[in-house]
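Have a look at the structure below before the remarks.
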Amino acid sequence: MKDPKKIICISCPIGCELTVGYENDQLSVSGNKCARGKSYGQEEYLEPKRIVTAVVKTNSATLTYIPIKTDQPLKKEYINDLLNHLYQLEVKVPITLNQCLLKNFNNTGVNIVFTRSLEA
Amino acid sequence: MIEKKYHSIVIGGGAAGLSAAYEISKSGFSVALIEREESLGGILMQCIHNGFGLQEYKEELTGPEYAERAIAKMAGSGVEIITSTTVSDLIDENGTKTAHCYSAVHGALKLGADTIVLAMGCRERNRGNIGTAGTRPAGIFTAGSAQRLINIEGFIPGKRVVIIGSGDIGLIMARRMTWVGAKVLAVVEILPYASGLTRNITQCLNDFNIPLYTSHIVSRIYGHDRVEKVDITPLVDGAPQDEDTFSIECDTILLSVGLIPENELSCKIGVEINQDTKGPYVHSNYMTNVKGVFACGNVLHVHDIVDFVTEEARRCAVNVVDYLRRKILPTEFRIQPGANVIYLVPNHYVPGEEINLYLRTFIVKNNAQLIVETSDKVVLEKKLLHVRPSEMIKVRIGEKDLARLSADEFKDLKVSIV
Ligand SMILES: Cc1cc2nc3c(=O)[nH]c(=O)nc-3n(C[C@H](O)[C@H](O)[C@H](O)COP(=O)(O)OP(=O)(O)OC[C@H]3O[C@@H](n4cnc5c(N)ncnc54)[C@H](O)[C@@H]3O)c2cc1C
Ligand code: SF4
């Protein structure tokens, strides 16, 4: 079982300092001023996830790199794999906003989508 | 030379210019939107991270996505969009304004208008503004220019990086540099606290174990052709503790030491600058001291949230339309910054009309109190859960609040935060 951890809640600007850990087999959160802090603390402790944004190379003459994002937060341990994969790609124009670049990355259920349109 | 005349010329095609041009044109007036770059969107296009649009669209978008929504509205709006064109001079002659522009595509242009909307955004403070000692090698970038290099041009500025300043752009760039394979060795902040959002401290520094040195300065930069090393010195009560100075070897320095409104063009047409905001001084209708010249967005005061830029530009546009319809500016009173307030915008109000204020405070505090008062009466008291210098505060002083004042009590207002 993991050790207790101090986590700053980022669900609102107050930024309460949470302590998250197991107490008698129960995951407990303290230091939170509201319920949002509790669910944030639990998720950040058990399975931290992040939205990842990056750029990938294109074959366009006007814009050589185009921005992308994960359509939902990705588990942190997959971020480096994703970035390494993206840096090897070259995508073809035309591209439309929200077009999918990669579906279900590494079976995480997370899709990678373009965040800008680009004409041919 | 091409000559043409419009009801309004909007200068700058970022979030502010897009919103203003769209709103003015919606009321049936002719509008030209002039943008220096090939494409519209402004600074948003290089801000590929998410965190934009929570207020405007009720979802978290990336910068380019937010821009694309604003640009999509332009299609069929009747706004004449002139890109790849820089306005180099602005002249006011008997009320008619002329914008002199040059463009790789259109050559020289001379465009006339009854009104001008300044929406040129801001520029980054650089090394000259912070005066660090040492050599002048290559490898020193402002955080925003590094952001542009990586996210638009795909060029990675360096491998071992020290970031000066803990504002949000610097923090976002710490993560971005890490994600493209560079090593960020330190973020150095002169203030005793980080100026960026907690969320960015957590996700851009702590996630990668990047040390943040608050109350520290980069005291010297070394390197001949390229940056080689920096000295970092702690401060105690503002005094450098030279004996505790330590060095970090690095090849790149990013400066995230603040933004200032882009005033060059504004000054050419005689716009007066407010020393508190460093942008134009504006009336309640966002008009500068030059009749018919308006300002909104980062050119007026530096915003941290794009949604506020869009909203402010929309409000500015409504006033441009009023002006074009020859509505005379009513009697106004001043709104002054009181205790702990760095600045506020706009600087005037019209008795009885709702006021939408944007302001910044000097202090960091939970459960602060905002007080709006005349010399002898409190108009509005409001609790603010959390305030800090880096987060702009937005307050609406409604007609109901102002109803507390009787007609003869309307006078200059003072806004304080305690
Ligand atoms: C690096 C950075 C990161 C940010 N991150 C966030 C964030 O995470 N979330 C958020 O909500 N907000 C963020 N913001 C704030 C927000 O995005 C900006 O405040 C907003 O986009 C500014 O819009 P603007 O139209 O005022 O300026 P800009 O977008 O700068 O637009 C000004 C435009 O004017 C053009 N221009 C200038 N001079 C001339 C001239 N003489 N002739 C013709 N054109 C000219 C420029 O090319 C530019 O396109 C960030 C801002 C910056 C700078
Ligand atoms: S616990 Fe609640 S009050 Fe505290 S920071 Fe999180 S959301 Fe804000």
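Throughout, a chain's letter reflects where its sequence line sits, starting with A, and its residues are numbered from 1. Values below: all heavy atoms of this structure, side chains included; hydrogens, waters and symmetry mates excluded.
The environment of NZ in A:Lys103 is sparse: at most 12 heavy-atom neighbours from other residues, nucleotides or ligands sit within 6.0 Å. Taking a 6.0 Å sphere around CD of B:Glu38, one finds it holds 12 or fewer heavy atoms contributed by other residues, nucleotides or ligands. More than 12 heavy atoms of other residues, nucleotides or ligands lie within 6.0 Å of CD in B:Glu59, so this atom counts as buried by the packing criterion. The 12-atom threshold is not exceeded at CD of A:Glu119, counting heavy atoms of other residues, nucleotides or ligands nearer than 6.0 Å.
Using a 4.5 Å cut-off between heavy atoms, A:Lys76 contacts chain B through its side chain alone, with no backbone atom that close. Both the backbone and the side chain of B:Ile48 come within less than 4.5 Å of a heavy atom in chain A. Only the side chain of A:Asn98 comes within contact range of chain B, with at least one heavy atom under 4.5 Å from a heavy atom of that chain. Contact of A:Arg50 with chain B is made through the side chain alone, with heavy-atom distances under 4.5 Å. Residue contact with chain A, scored on non-hydrogen atoms closer than 4.5 Å, is absent for B:Ile201. Of the two parts of A:Ile79, only the side chain, counted from C-beta on, holds a non-hydrogen atom closer than 4.5 Å to a non-hydrogen atom of chain B. With a 4.5 angstrom heavy-atom cutoff, B:Glu65 touches chain A via backbone and side-chain atoms both. For chain B, the nearby parts of A:Ser117 are the backbone and the side chain; heavy atoms of each come within less than 4.5 Å. For B:Glu60, the part lying under 4.5 angstrom from a heavy atom of chain A is the backbone only. In this structure, chain A has a heavy atom under 4.5 Å from the side chain of B:Arg176, while its backbone stays farther away. Only the side chain of A:Leu83 comes within less than 4.5 Å of a heavy atom in chain B; its backbone stays farther off.
Put simply, the side chain of A:Glu17 never gets that close to the backbone of A:Lys6: no donor and acceptor are under 3.5 Å apart. A donor-acceptor pair under 3.5 Å is formed between the side chain of A:Thr115 and the backbone N or O of A:Pro67.
Interface residues of residues 26-39 of chain A toward chain B, defined by a heavy-atom distance below 4.5 Å: none. When the heavy atoms of residues 69-77 of chain B are compared with those of chain A, none of the residues falls under 4.5 Å.
Paired with A:Lys75 under the rule salt bridge (Lys or Arg N to Asp or Glu O under 4.0 Å), one option of A:Glu43, A:Glu44, A:Glu47 passes, and it is A:Glu47.
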Practice item. Take B:Tyr193 and B:Thr214, measure what side chain to side chain contact (heavy atoms under 4.5 Å, CB included) needs, and give me the verdict at the end. Key: CA-CA 6 Å; B:Tyr193 52 87; B:Thr214 51; 5.5 Å; no
Exercise for review: Please report the C-alpha distance between B:Ile82 and B:His106 in whole Å, then the side-chain angles of each, then the deciding distance to 0.1 Å, and finally whether the side chain to side chain contact (heavy atoms under 4.5 Å, CB included) criterion is met.
Suggested key: CA-CA 9 Å; B:Ile82 310 174; B:His106 312 283; 3.9 Å; yes
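Counting all heavy atoms, side chain and backbone alike, B:Trp179 lies closest to A:Tyr87 at O-OH, 2.8 Å. Closest of all the heavy-atom pairs between B:Ala21 and B:Val79 is O-CG2, 3.5 Å.
Using cut-offs of 30° and 60° on the angle between ring planes, the pair A:Phe105 and A:His85 is tilted.
No side-chain N or O of B:His386 forms a donor-acceptor pair with one of B:Glu391 less than 3.5 Å apart. Of the N and O atoms on the side chains of B:His301 and B:Tyr343, at least one donor lies less than 3.5 Å from an acceptor on the other residue. Residues B:Glu311 and B:Tyr358 have side chains that bring a donor and an acceptor to within less than 3.5 angstrom of each other.
In terms of heavy-atom pairs under 4.5 Å with chain A, the best-connected choice from B:His49, B:Arg199, B:Gln203 is B:Gln203. Each of A:Ile7, A:Leu97, A:Thr62 has some count of heavy-atom pairs under 4.5 Å with chain B, and the biggest count is that of A:Leu97.
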